Amino acid sequence: MLGSLQLLQPTTVDEASGALRDFAERGKIYAGGAEMLLLMRHGFLQSEILVDVKKIERLHRIARENGTLSVGACVTHHTLELNPLVREHAASFAAAESQVANVRVRNQGTLGGNLCFNDPHSDPGTVLLIHNSTVTLGSQRGERQLPLKDFFVDVYETALEPDEVMLDVQIPALPSGMMSTYLRLHRFQRPTLGVAAAVKMNRGTIAESRLAVGCIGPKCQRLPELETKITGTQLDEAKRIVAEQKNHLRQRLQPVDDLLGSADYKLYMTGILLGDALEQAASPSFPLDGGRLG
Ligand SMILES: Cc1cc2nc3c(=O)[nH]c(=O)nc-3n(C[C@H](O)[C@H](O)[C@H](O)COP(=O)(O)OP(=O)(O)OC[C@H]3O[C@@H](n4cnc5c(N)ncnc54)[C@H](O)[C@@H]3O)c2cc1C
């Protein structure tokens, strides 16, 4: 059972940030409520005042300007999986969104709620990393932009200040000729492992690549050392290199044993899925749309 709650519905970022500052620990941002209401119902989170940010118009905007797609924090997973502009600009991101939970959660949950909650078992963050995405955070003190990789700090921890609201996510297009894909492994609704790969091939060798892995450790991460190692190699060689990087991946990703599997199993599957993702993204039959829709 939930106790009595006060709902505030600010229409500007200034008002929302002011409410967060005034109510401090007593107030919490609420978007779709998919996480918030569960936590409150189970007594993991006490809050007297919910600051519902869905009435702030900017947080619902999807727009593309100068090759960068801007997605408002309150856009739902379901809208993202279906939106034609998103599918054209960042197809593997749209594909990742289509795999989040089930249609009920996708209709309720928002991109901002997902990124700000920063549950390690999430899909969108991993694929947004290969786009070098940034986030815009706003408060009464103004706006600031952060690379998404710096926004994620640790398990359920982000760089968000207590009076800040996530406004939007900027998703630059992949470089011309670069293809991407997102693959996930799951036993339950939440993913056990998520892998994103983007490659640009030149005469059968990898000219440029971007790799990211999520879910198996505290936060999703890019793998810059591995990206450098496979540059200039042919696909088979790259897959072999990736499969042999268990020690490096263990250090960087810090996998943990949990109900979804042992750290060793997750590392082994990371090597396999990274290889598969490289192969898919490099496939000549791959549609020239920057990604693969599931
Ligand atoms: C059954 C189930 C299955 C799921 N499966 C998956 C899955 O397969 N893959 C996956 O990626 N995710 C999964 N999720 C997570 C789901 O995607 C998130 O619950 C959802 O996106 C959260 O969005 P929300 O708008 O409901 O956030 P809320 O619950 O409203 O908020 C979540 C947190 O973010 C904060 N917050 C929200 N919006 C903002 C903002 N604009 N600025 C600052 N802080 C903000 C809130 O204060 C709160 O701390 C699952 C969730 C459930 C319940």
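First listed ligand is number 1; within each ligand, the first listed atom is number 1. Predicted, not measured: the structure shown is a model, and the values here were computed from it.
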Novice: Working note: S133 + Q170, criterion side chain to side chain donor-acceptor pair (under 3.5 Å); need CA distance, chi angles, decisive distance, verdict.
Specialist: CA-CA 5 Å; S133 302; Q170 291 74 41; over 6 Å; no
Novice: Answer with yes or no whether the side chains of S283 and E279 bring together a donor and an acceptor at under 3.5 Å.
Specialist: no
Novice: Listing by chain and number, which residues have a heavy atom under 4.0 Å from ligand 1?
Specialist: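 Lining ligand 1 at under 4.0 Å, by heavy atoms, one finds I29, Y30, A31, G32, G33, A34, E35, M36, L38, A73, H77, V100, A101, V105, G109, T110, G113, N114, C116, F117, S122, D123, P124, L160, V165, M166, R184, Q189, R190, P191.
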Novice: Using the side chain to side chain contact (heavy atoms under 4.5 Å, CB included) rule, take D52 and L8 through it: C-alpha gap first, then chi angles, then the decisive distance, then the call.
Specialist: CA-CA 6 Å; D52 177 0; L8 299 183; over 6 Å; no
Novice: Mind running salt bridge (Lys or Arg N to Asp or Glu O under 4.0 Å) on D119 and R190 for me, showing each step along the way?
Specialist: CA-CA 10 Å; D119 184 303; R190 285 197 177 255; 3.5 Å; yes
Novice: Under 3.5 Å, is there a donor-acceptor pair between the side chain of S17 and the main chain of Q140?
Specialist: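 Checking the backbone N and O of Q140 against the side chain of S17, a donor-acceptor pair under 3.5 Å is found.
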Novice: Identify, with sequence neighbours excluded, every residue that meets ring-ring contact (aromatic ring centres under 6.0 Å, His included) alongside Y156.
Specialist: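 Partners of Y156 by the ring-ring contact (aromatic ring centres under 6.0 Å, His included) criterion, ordered by chain and then number, come out as F117.
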